[in-house]
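Proteins come first, then strands; the chains are lettered A, B, ... in the order of their sequence lines, and each starts at number 1.
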Protein chains: 2
Amino acid sequence: MILKSQVEWALHCCAILASVPPGRYLSTKALAEFHGLPKEYLSKALQSLSQAGIVETTLGPSGGYRLARPPSEVNFLQIVEAVEGKASTFVCTNIRANNPCRPAGFCDDKPCAVARVMWQADAAWRGTLEKVWLSDLVDTLTDEVPDDIWKGTYDWVVKRAG
Amino acid sequence: MILKSQVEWALHCCAILASVPPGRYLSTKALAEFHGLPKEYLSKALQSLSQAGIVETTLGPSGGYRLARPPSEVNFLQIVEAVEGKASTFVCTNIRANNPCRPAGFCDDKPCAVARVMWQADAAWRGTLEKVWLSDLVDTLTDEVPDDIWKGTYDWVVKRAG
DNA sequence: AATATTATGGATATACTATATCCTTAAAGC
DNA sequence: GCTTTAAGGATATAGTATATCCATAATATT
């Protein structure tokens, strides 16, 4: 069970979009070049973010993507779910129902005990992602990325943002 | 990102194996019949449990599987990892290294900030699974499964255990 | 000793998903 | 009118999950 690479791409793209000046957009082409990713396929991830309402888009030259709300209002879970979907990582096929000792037509009053544990773990995973905001990531990067690289990246984004 | 169905199968099989009387074994055939699963493929999941040291096996008629240690010493994470592996659900391909603003040969002193968050969520998922033991599951089932079905299941297992 | 039963592991086949590319369309800026 | 862009459909390729089959060796029963 491994997350799609598009999850990684979407998270990094959102981090970059956080630096786009107000009123401007950054294109798929720019984001693909910056991260060394295939433009056409990255486009699918960005479309997922768009459909989830995390980013806004506009067409034409100088078009592209920008965050639909401030980085302090976008968390990791929203981005991950935009790409991976909201469905639980554990699917219960209710195999307990095949127990040959159960009377025919027997109906359980609770979800399967095994599934409940797995769903609880899934919730813990999502809960962790939900508590980390894009602004937290930006803060971390500000702290950790060397100043010249951080500044250079910002300038690069501003230059490429239409 | 969805867990293999073998995870569900392995968990339910371990729950059943907890009822196998000391010194006896339950075969793949019995476990497959009980859960309505394909015997040959279920066998692969049981082999994973065996390789992980969670169950013990013996050959021949009256052979099969039994828990290698008491249910209070087997947790969900051990079973899940036996089937899914121990690798993190998030793979960092370090795409930050493609940032065109970085000096050539630049080396980061910390793992990617995005990956660290994703790994933290992965750890929360595993941490939840690690805290639930097979004995907890058995306790839950004892509480929730109607007495006659629970008793019937136990009798079925004892009858089939070689 | 012979036979039946079982786990193990390799080989193979099929289905599904992830990855990737291409192309058409419509909108926006120049 | 021309270029650039996102959106989305169609298609191709690779990789993984699911499933089955078979050969082998070990064990119990007869």
Side-chain angles (χ1 to χ4, degrees), chain A residues 1-10 13 17 20 23-33 35-66 68 82-85 87 89-91 93 95 160-162, chain B residues 1-10 13 17 20 23-33 35-66 68 82-85 87 89-91 93 95 160-162:
Chain A
M1 185 189 66
I2 293 182
L3 288 163
K4 300 183 199 181
S5 55
Q6 285 199 348
V7 169
E8 182 187 18
W9 302 359
C13 284
L17 290 177
V20 173
R24 299 170 71 183
Y25 296 86
L26 195 60
S27 70
T28 306
K29 187 155 178 276
L31 286 166
E33 283 175 21
H35 293 112
L37 300 173
K39 174 171 157 294
E40 305 285 351
Y41 193 37
L42 173 62
S43 169
K44 303 295 185 187
L46 297 171
Q47 283 173 41
S48 297
L49 292 175
S50 176
Q51 283 162 6
I54 294 169
V55 299
E56 292 173 343
T57 73
T58 191
L59 292 173
S62 80
Y65 296 88
R66 70 180 176 200
V83 173
E84 279 286 339
T89 53
F90 181 82
V91 175
T93 63
I95 61 175
R160 295 295 299 264
Chain B
M1 184 188 68
I2 292 182
L3 288 162
K4 301 183 197 178
S5 55
Q6 285 199 349
V7 170
E8 182 187 18
W9 302 358
C13 284
L17 290 178
V20 173
R24 297 170 71 184
Y25 297 86
L26 195 59
S27 71
T28 305
K29 187 156 178 274
L31 286 165
E33 284 176 20
H35 293 111
L37 300 173
K39 173 171 156 299
E40 305 285 350
Y41 193 37
L42 173 62
S43 169
K44 303 295 185 188
L46 297 171
Q47 283 173 41
S48 297
L49 293 175
S50 175
Q51 282 160 9
I54 295 169
V55 299
E56 291 172 344
T57 72
T58 191
L59 293 173
S62 81
Y65 296 87
R66 70 179 177 201
V83 173
E84 280 287 337
T89 54
F90 180 82
V91 175
T93 63
I95 61 174
R160 295 295 299 264

Closest heavy-atom contact between A:Arg66 and A:Gly23? NH1-CA, 3.4 Å
Please assess B:Leu42 against B:Cys13 for the test side chain to side chain contact (heavy atoms under 4.5 Å, CB included), listing each intermediate value before the final yes or no. CA-CA 10 Å; B:Leu42 173 62; B:Cys13 284; 3.8 Å; yes
Contact nearer the 5' end of DNA chain D, comparing B:Gly60 with B:Pro38: B:Pro38
For atom CD of B:Glu8 and atom C1' of D:dA17, their distance in whole Å: 15 Å
Which of residues 42-52 of chain B sit near DNA chain C, with a heavy atom under 4.0 Å from it? B:Ser43, B:Lys44, B:Gln47, B:Ser50, B:Gln51
What is the distance, rounded to the nearest whole Å, between atom NZ of A:Lys39 and atom P of C:dT21? 11 Å
Heavy atoms only, 4.0 Å cut-off, all strands: where does A:Tyr25 land among base, sugar-phosphate and nothing? nothing
Return the minimal non-hydrogen interatomic distance between B:Lys4 and B:Glu84, and the atom names on each side. N-OE2, 2.8 Å
Out of B:Val55, B:Thr57, B:Leu31, which residue meets the side chain to side chain contact (heavy atoms under 4.5 Å, CB included) rule with B:Leu46? B:Leu31
Taking atom P of D:dA6 as reference, at what distance in whole Å does atom CZ of A:Arg24 sit? 15 Å
Can you measure A:Leu59 atom CG to C:dA28 atom P for me and round it to whole angstrom units? 6 Å
So, taking the atom named CG in A:Leu17 and the one named CD in A:Glu56, what distance separates them when rounded to the nearest 0.5 Å? 11.0 Å
Could you give the distance from OG1 (B:Thr58) to OH (B:Tyr25), rounded to the nearest 0.5 Å? 4.5 Å
Which sits closer to the 5' end of DNA chain D, B:Thr58 or B:Trp9, going by the nucleotide each is nearest to? B:Trp9
About how many Å separate OG1 of B:Thr28 and CD of B:Gln47, when rounded to the nearest 0.5 Å? 8.0 Å
Taking atom CD of A:Glu8 and atom CG of A:Leu3, what is their separation to the nearest 0.5 Å? 10.5 Å
Nearest-nucleotide pick for A:Glu40, side chain only, options being C:dG29, C:dT21, C:dA27: C:dT21
Distance col, row B:Met1:CE vs A:Thr89:OG1, nearest 0.5 angstrom, shows 5.0 Å
Grab the CD-P distance between A:Glu33 and D:dT4 for me, whole Å please. 13 Å
To the nearest Å, give me how far apart NZ (A:Lys29) and P (D:dT4) are. 8 Å
Send over the distance from A:Arg66 CZ to D:dA6 P, rounded to a whole Å. 13 Å
Counting only side-chain nitrogens and oxygens, does A:Thr28 get under 4.0 Å of the OP1 or OP2 atom of D:dT5? no
What's the OH-P distance between A:Tyr65 and D:dT4, to the nearest Å? 18 Å
Nucleotide N/O of nucleotides 13-18 of chain C paired with protein N/O under 3.5 Å:
none

